[in-house]
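The structure under discussion appears below in the form of structure tokens.
Here the structure is a predicted model, which is why all the values come from computation and not from measurement. Letters A, B, ... are given to chains in the order of the sequence lines, protein chains preceding strands, and every chain is numbered from 1.
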2 protein chains.
Amino acid sequence: MKTVSAVALDATDRKMLRALQADGRMSNTDLARAVALSESASLRRLRALETAGVISRYAAIINERAVGLPISVFVTVTLSSQAESALTAFETAIATVPEVVECYLMTGGSDYLLRLVVRDVDDLERVHAKALTTIPGVTRVSSSVAMRTVVKRGALPV
Amino acid sequence: MKTVSAVALDATDRKMLRALQADGRMSNTDLARAVALSESASLRRLRALETAGVISRYAAIINERAVGLPISVFVTVTLSSQAESALTAFETAIATVPEVVECYLMTGGSDYLLRLVVRDVDDLERVHAKALTTIPGVTRVSSSVAMRTVVKRGALPV
DNA sequence: ATTGAAAGAGACGATGT
DNA sequence: ACATCGTCTCTTTCAAT
């Protein structure tokens, strides 16, 4: 696992990142125009941002409702042990559950916060029973369902 | 606001969505090869997915640490009124706070769950004081900080 | 209705000035 | 920063299944 430390970004870099968060398939020609640089200078900066790991990847953003996964559920998981080995074991296990789209280790103990996307409540129950409670060391699992997504994957304020 | 209802997807569509979530800048030539179609058939399907709103956009995925926003904070906000007008007012106000990258209305009351990205704890305090508690109708605000992100913006299980 | 092949236009990447 | 040039990619058209 490579840790990426903070990188110095100037105003032009930030403009590029904002443009590419809004349209990740923008051509370099358009990007250069958007940040008022020549195409070669724009491409050089873009490659530098990619190489430095500032841009980790490009992705198509999928409409969750359109693909039949309209329900987001936030799940809090407590482990019985907070030893690093127990945390790693949990994280390895949870990475194999496709419905888990986000997973954070929270401060103050051994609590994880997960976001799942599911088809319906039966699907939630299935994932809960088959994938979450069966992981060794999982002590408590509590879920709350999102009714409405107000901001979905907003861009970072760069 | 346009609501996108679920769309029928076949196995090839799903393969395309998986490929494009992993690499949103993949060329149509490569995409066609990945799903075993001709370029023209691949491109036609891709445009259909875009037009139907299954793919909402393409985005560069930014490394939060690399741009100096290493801290994710989950904030629960309770409103004093659960009237639809109060909810809408809150959602309009929260949309103007750049640090808020996700916002969900949770079932069972008038609680919102937000994810903020901030530079450090001073930055969190500033956003908390200047942007969150000043929104009319906000009654309770409680924060918890993520120590570690295990799965960052995982792909949807399509 | 969906696919495949082909051809022109445009973008990309590399190089040199 | 600009110009150039070969290559790759996108897009449309048309025929086939």
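Applying the ring pair (Phe, Tyr, Trp, His ring centres under 6.0 Å) definition to pairs two or more places apart or across chains, those involving residues 27-77 of chain B are A:Y104-B:F74.
A search for side chain to side chain donor-acceptor pair (under 3.5 Å) contacts involving B:R33 returns B:D30, not counting sequence neighbours. Contacts of B:A34 classified as side chain to side chain contact (heavy atoms under 4.5 Å, CB included), with partners at least two apart in sequence or in another chain: none.
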Evaluate the criterion side-chain hydrogen bond (donor to acceptor under 3.5 Å, both in side chains) for residue pair A:D111 and A:T76; output intermediate values, then yes/no.
-> CA-CA 7 Å; A:D111 279 351; A:T76 309; over 6 Å; no
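Surrounding CD of B:E125 are at most 12 heavy atoms belonging to other residues, nucleotides or ligands under 6.0 Å away.
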Are any protein N/O atoms closer than 3.5 Å to N/O atoms in nucleotides 15-17 of chain D? If there are, list each pair with its distance.
none

Using a cut-off of under 3.5 Å, enumerate the N/O to N/O pairs linking the protein to nucleotides 8-10 of chain D.
from: D:dC10; atom 1: OP1; to: B:N28; atom 2: N; distance (Å): 3.4
from: D:dC10; atom 1: OP2; to: B:N28; atom 2: N; distance (Å): 2.5
from: D:dC10; atom 1: OP2; to: B:T29; atom 2: N; distance (Å): 3.4

Using residues 134-146 of chain B as the side-chain source, report each donor-acceptor pair under 3.5 Å to any protein atom, sequence neighbours left out, with the distance given to one decimal.
from: B:T134; atom 1: OG1; to: B:K130; atom 2: O; distance (Å): 3.0
from: B:T139; atom 1: OG1; to: B:S80; atom 2: N; distance (Å): 3.1
from: B:R140; atom 1: NH2; to: B:T78; atom 2: OG1; distance (Å): 3.3

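Rounded to whole angstrom, the span from the CG atom of B:L37 across to the P atom of C:dT2 amounts to 12 Å.
Nearest heavy atoms, B:L79 versus B:A86: CD1-O, 3.9 Å.
Formation of a donor-acceptor pair under 3.5 Å by the B:Q21 side chain with backbone atoms of B:L156 is found in this model.
Taking 3.5 Å as the limit, the base of C:dA5 and the side chain of B:S40 contain a donor-acceptor pair of atoms between them.
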